[in-house]
Amino acid sequence: MLSPQRFRDARHTKYHFIDHVLVRCPKCAGIAHVAPVAADDSAPSVFARRRIVCRACGLSRDAAGGGFRLFRGRGEAKDPYFGLPLWLQAETRHGWLWAYNPEHLELLRQFVQAPLRERAPWDAQVKKMTVVARLPSWIKSAKNRGEVLRAIDRIRSTLA
């Protein structure tokens with residue numbers, strides 16, 4: 001008998017995934033990348049200037065640094081810097097499922113498919129602010145596991 005698959009919360013927040021975001025290109029509707037503009041030797045910051053690059057049509061634009069808005073609404077999710085629709089998203093009968101990049105999507109898949117889910121320790125300062133702790137209850141529900149995993153597979157198939 002196999003031991004149950006276990007998911008341990010790695011305490012990632014949304015900020016761990018916004019360095020590289022996949023969006024829908026405003027010019028050709030293909031996959032475009034939003035990433036920090038390479039600075040001298042400093043590590044990327046959430047306030048660093050961002051650039052959108054589409055390899056399909058050649059679009060390249062810079063966004064001014066200093067401002068971003070994390071998505072907190074209903075409906076189609078938007079990227080924090082340009083306000084463009086995210087590439088990795090799908091609508092289910094319960095709501096929208098979205099991810100900033102493939103790593104974010106993989107974290108969601110690991111969480112949803114695991115029958116045993118461990119939270120961050122009770123004394124952790126970021127316990128309630130992690131990505132998985134803030135997921136909607138319909139994603140966390142075991143009765144929706146199959147539907148959510150199918151949506152994740154549908155989203156992942158758009159990358160090929």
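Since the structure is predicted, the reported quantities are computational estimates derived from the model, not experimental observations. Each residue takes its place number in the sequence, starting with 1.
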- Does Arg117 make a cation-pi contact with Phe111, if we ask for NZ or CZ under 6.0 Å from the ring centre and within 45° of the axis? yes
- Message: Please list all pairs meeting side chain to side chain donor-acceptor pair (under 3.5 Å) that have one or both residues in residues 101-110, counting only residues at least two apart or in different chains.
- Response: Glu106-Arg109, Glu106-Gln110, Arg109-Gln113
- Query: Where the side chain of Asn144 meets the backbone of Trp138, is there a donor-acceptor pair that is under 3.5 Å apart?
  - Reply: yes
- Shortest non-hydrogen contact between Ala29 and Trp87, atoms and distance: O-CZ3, 3.4 Å
- Query: Can you name the closest pair of heavy atoms from Thr92 and Glu147 and give their distance?
  - Reply: CB-OE2, 3.7 Å
- Item | Closest approach of Val131 to Thr13 (non-hydrogen atoms, all atoms of both residues) | CG2-C, 3.3 Å
- Of the non-hydrogen atoms in Ala114 and Phe7, which two are nearest, and what is the gap between them? CB-CB, 3.6 Å
- Is the closest basic N to carboxylate O distance between Arg51 and Asp62 below 4.0 Å? yes
- Note on the structure: ring-ring contact (aromatic ring centres under 6.0 Å, His included) pairs touching residues 141-160, sequence neighbours excluded, are none
- Item | Carboxylate-amine/guanidinium proximity below 4.0 Å for Glu91 and Arg154 | no
- Query: When you check the gap from the basic side-chain N to the acidic O, do Asp153 and Arg156 get nearer than 4.0 Å?
  - Reply: yes
- Item | Residues Lys78, Leu86; criterion side-chain contact (heavy atoms from CB on, under 4.5 Å); working and verdict | CA-CA 5 Å; Lys78 309 281 185 190; Leu86 295 180; 6.0 Å; no
